[in-house]
Protein chains: 2
Amino acid sequence: MGKITIHDIAKKLNTTAATVSRALNDNKSISIKMKEKVAIAAKEMGYERNVLASNLRKGKTNIIGVIVPYADRSLFASVIRSLEEKVQEHGMNIMISQSHDSYEKELRCVETLLQAQVSTIVMSHSKGDNPKDHLKRIIDGGTSLILFDRPVEEIKTHSVTVNDYDGAYKAVTHLIEMGYQRIAHFIMDKNTPLYKERYRGYKRALKDNNLVLDPSLVIEVATKIADGAVAAEALMQLEQTPDAIFSSSDFAALGAMNYLIEKGIEVPSEFGIIGFSNEPFTNYVTPSLSTIDQKTKLMGETIAHFILNKKDNKAEIKQFQSVSLTPQLLIRNSSNRKQNLKE
Amino acid sequence: MGKITIHDIAKKLNTTAATVSRALNDNKSISIKMKEKVAIAAKEMGYERNVLASNLRKGKTNIIGVIVPYADRSLFASVIRSLEEKVQEHGMNIMISQSHDSYEKELRCVETLLQAQVSTIVMSHSKGDNPKDHLKRIIDGGTSLILFDRPVEEIKTHSVTVNDYDGAYKAVTHLIEMGYQRIAHFIMDKNTPLYKERYRGYKRALKDNNLVLDPSLVIEVATKIADGAVAAEALMQLEQTPDAIFSSSDFAALGAMNYLIEKGIEVPSEFGIIGFSNEPFTNYVTPSLSTIDQKTKLMGETIAHFILNKKDNKAEIKQFQSVSLTPQLLIRNSSNRKQNLKE
DNA sequence: ATATACAATGTAATCGATTACGTTTTGTAA
DNA sequence: TTACAAAACGTAATCGATTACATTGTATAT
């Protein structure tokens, strides 16, 4: 018995499709008796609403489009997971699209998702300083836009980010509290706001603790283990070597740490290291790597909150909110000198 | 200028929506001239096909539903990534749904995706020996089903799995080649076919090398680091302790390794360890953990291949294919005794 | 008792694209 | 020239649900 439609139900009940539709949607102008009859008949006949038809008529779907650089990066995977968990309870679906950190692909992703008529686009936009026209087009077309992870200042819309400045500040302050004096910094891409913010937190923490910023200790490094090792080597070549590193990337931090250990430098007693992102491996390496947790689960939940609120409360649509989550310092062995001394 | 429809284009060109539709779909009964005119007008007017309407009429979408226990588990995240990369080139979209390894949630996922009228459901079904009626329902309803990671024997459909038996066999054979004699095995869930297969590979490898299976060396362990440590402790309490572990879980393997190292047992010189899955952390721990890579990227690509093939080649629909990928042995430091001796 | 309101349902248009079927025009074989 | 085929396009139904706009019937107010 292929597809049962509301017309079939109407025929069986000697009424019309309009009434059945209204009954199924719990419309107030339908009597309770009729609603019951329809509900029973629908169940009996195994009716299932054709979502496509419904959405076509209503001009909206309940699909949320998500654009991320790569779906398997731990931050994005985690956000996708918690977002999906929250919205699926409300009958919404998640559609994934990957931008590979490329502007061109991001444009394609937006196009695809708009074509699919998603009701909301949730995205972490690709790196670089590209035009934001496509973001405006999303909003102008009536689709709501929620940016996360990487904020875009030029666009007025909802956003959920982590306070990178605060995370960096906490990390560096922690190193200073542990007694490290010359703290180097690995910055990834100087043009990306996110890294700029972390750099700002680094500088501020130094200043607040009366430490001078030595530009030779700030190195541009790629988010790779090998590059972290190279950078560490460069640092140790300096006349005045550092005694700690705050790396904006866990991977680079690990590379540096392994290099130092190999060179006989003890971590954390001689040298402190802290990364950023709380990548899954950081807790398992030796010594375990201190890092900044970005609250990815909360991030997904906050995004979901925006979406669900918008659904209920239309008044809120116009006020765009930017939530900046407070990251968490995870003190592990790579920087925990005091504890080690105690032992 | 809100939404342009084929009717608007038709009006502008003094023709009908039917002609425009056919022209846009490159129908052979439309003249080249007309096709050109339509194409130009469509571009000029900024026309975008309403996918909902199109799909409603055609009765099919180009959405692929994916059901996984958790989207952020490395295997699933990786498969999702490579699957999306492949199918997006063909204009198809991926919809994600998470079963949390619960049978009830899995039913809901199936329901949701069928409602969304996905053309294909790709799933790694939840653990346990539950009824498979919902899988049959998917197929009977005309939606194609592709199972991956965890095969279901009762259902005739496409499937892409990794040869767990082979992976286990390779792992254990490798340990034996490295000179380990008493090899323990961590099995997770004895009722899950996947673990049974690995166990079978373990037994076979022992047999082929004339080693006796000691049941006391086969322990049921959860996929957790802590449990791996507990299990290792139990093993070292035996009268005849093992000198190697083949763990069906990287996490348990790591827990065991850390426990042994803490107890002063040297890995790999005194004790060999190999895990399974190539979890992201395995390459970064010390010593790096040997493991079995499950070819997740290839898995996603193979799934995509099935989907895209089916699209073109209808003849293939009826022949269900089961592809079993060959996993790869990754020899790292936790088991590489020979290399260590050389040094 | 009459007017008015509202409850409950029906009618038909609509969302936008696709397609079975019909019509006209042009080409070409007999 | 007739006839038949194919090319090129038009007409209208269709996919299934929703909803603006009637319509009918009943209850309440005056």
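Just so we're on the same page: letters track the sequence lines, and every chain starts at 1. As the structure is a prediction and not an experimental result, all values here were calculated from the model.
- The C1' atoms of five pairs define one axis at each end of the helix from C/dA1-D/dT30 to C/dA30-D/dT1, and these two axes lie 40° apart (to 10°).
- Counting only residues at least two apart or on different chains, the salt bridge (charged side-chain N to carboxylate O under 4.0 Å, His left out) pairs with a member in residues 55-73 of chain B are A/Arg81-B/Asp72, B/Arg73-B/Asp101.
- When DNA chain D is scanned 5' to 3' for any atom under 4.0 Å from a heavy atom of chain A, the first and last hits are D/dG16 to D/dA20.
- Within 4.0 Å of A/Ser54, counting heavy atoms only, lie sugar-phosphate atoms of the nucleic acid but no base atom.
- Within 4.0 Å of B/Ser31, counting heavy atoms only, lie sugar-phosphate atoms of the nucleic acid but no base atom.
- Applying the ring pair (Phe, Tyr, Trp, His ring centres under 6.0 Å) definition to pairs two or more places apart or across chains, none involves residues 6-33 of chain B.
- Protein atom CE of B/Met34 is 14 Å distant from nucleotide atom P of C/dT26, rounded to whole Å.
- Between A/Ile9 atom CD1 and C/dG10 atom C1' there is a gap of 17 Å when expressed in whole angstrom units.
- Note on B/Asn55: nothing from the nucleic acid sits closer than 4.0 angstrom, heavy atoms only.
- For B/Lys86, there are no side chain to side chain donor-acceptor pair (under 3.5 Å) partners, not counting sequence neighbours.
- Residues forming a side-chain contact (heavy atoms from CB on, under 4.5 Å) with B/Thr192 (at least two apart in sequence, or on another chain): B/Lys127, B/Asp189, B/Leu194, B/Tyr195.
- Residue pairs satisfying the ring pair (Phe, Tyr, Trp, His ring centres under 6.0 Å) criterion with at least one member in residues 19-42 of chain A, sequence neighbours excluded, are absent.
- A/Thr120 and A/Ser144 form a side-chain donor-acceptor contact under 3.5 Å, judged by distance and modelled atom types alone.
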Kindly list each side-chain donor-acceptor pair under 3.5 angstrom involving residues 33-48 of chain B, sequence neighbours excluded, with atom names and distances?
| unit_1 | atom_1 | unit_2 | atom_2 | d |
| --- | --- | --- | --- | --- |
| B/Lys35 | NZ | B/Asp26 | OD1 | 3.1 |
| B/Lys35 | NZ | B/Asn27 | O | 3.0 |

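- Evaluation of the side chain to side chain donor-acceptor pair (under 3.5 Å) rule for A/Glu111 yields A/Arg137 as partners, not counting sequence neighbours.
- Screening residues 108-147 of chain A for ring pair (Phe, Tyr, Trp, His ring centres under 6.0 Å) gives A/Tyr103-A/His134 as the qualifying pairs, with residues at least two apart or on separate chains.
- Residues of residues 12-23 of chain A having a heavy atom closer than 4.0 Å to DNA chain C, listed by number: A/Asn14, A/Thr15, A/Thr16, A/Ala18, A/Thr19, A/Arg22.
- Following rounding to the nearest Å, B/Asn27 (CG) and C/dA20 (C1') show an atom-to-atom distance of 12 Å.
- Every residue two or more places apart in sequence or in another chain that forms a ring pair (Phe, Tyr, Trp, His ring centres under 6.0 Å) with B/His100 is listed here: B/Tyr70.
- A/Ser159 approaches A/Ser322 most closely through the heavy-atom pair OG-OG, 3.1 Å.
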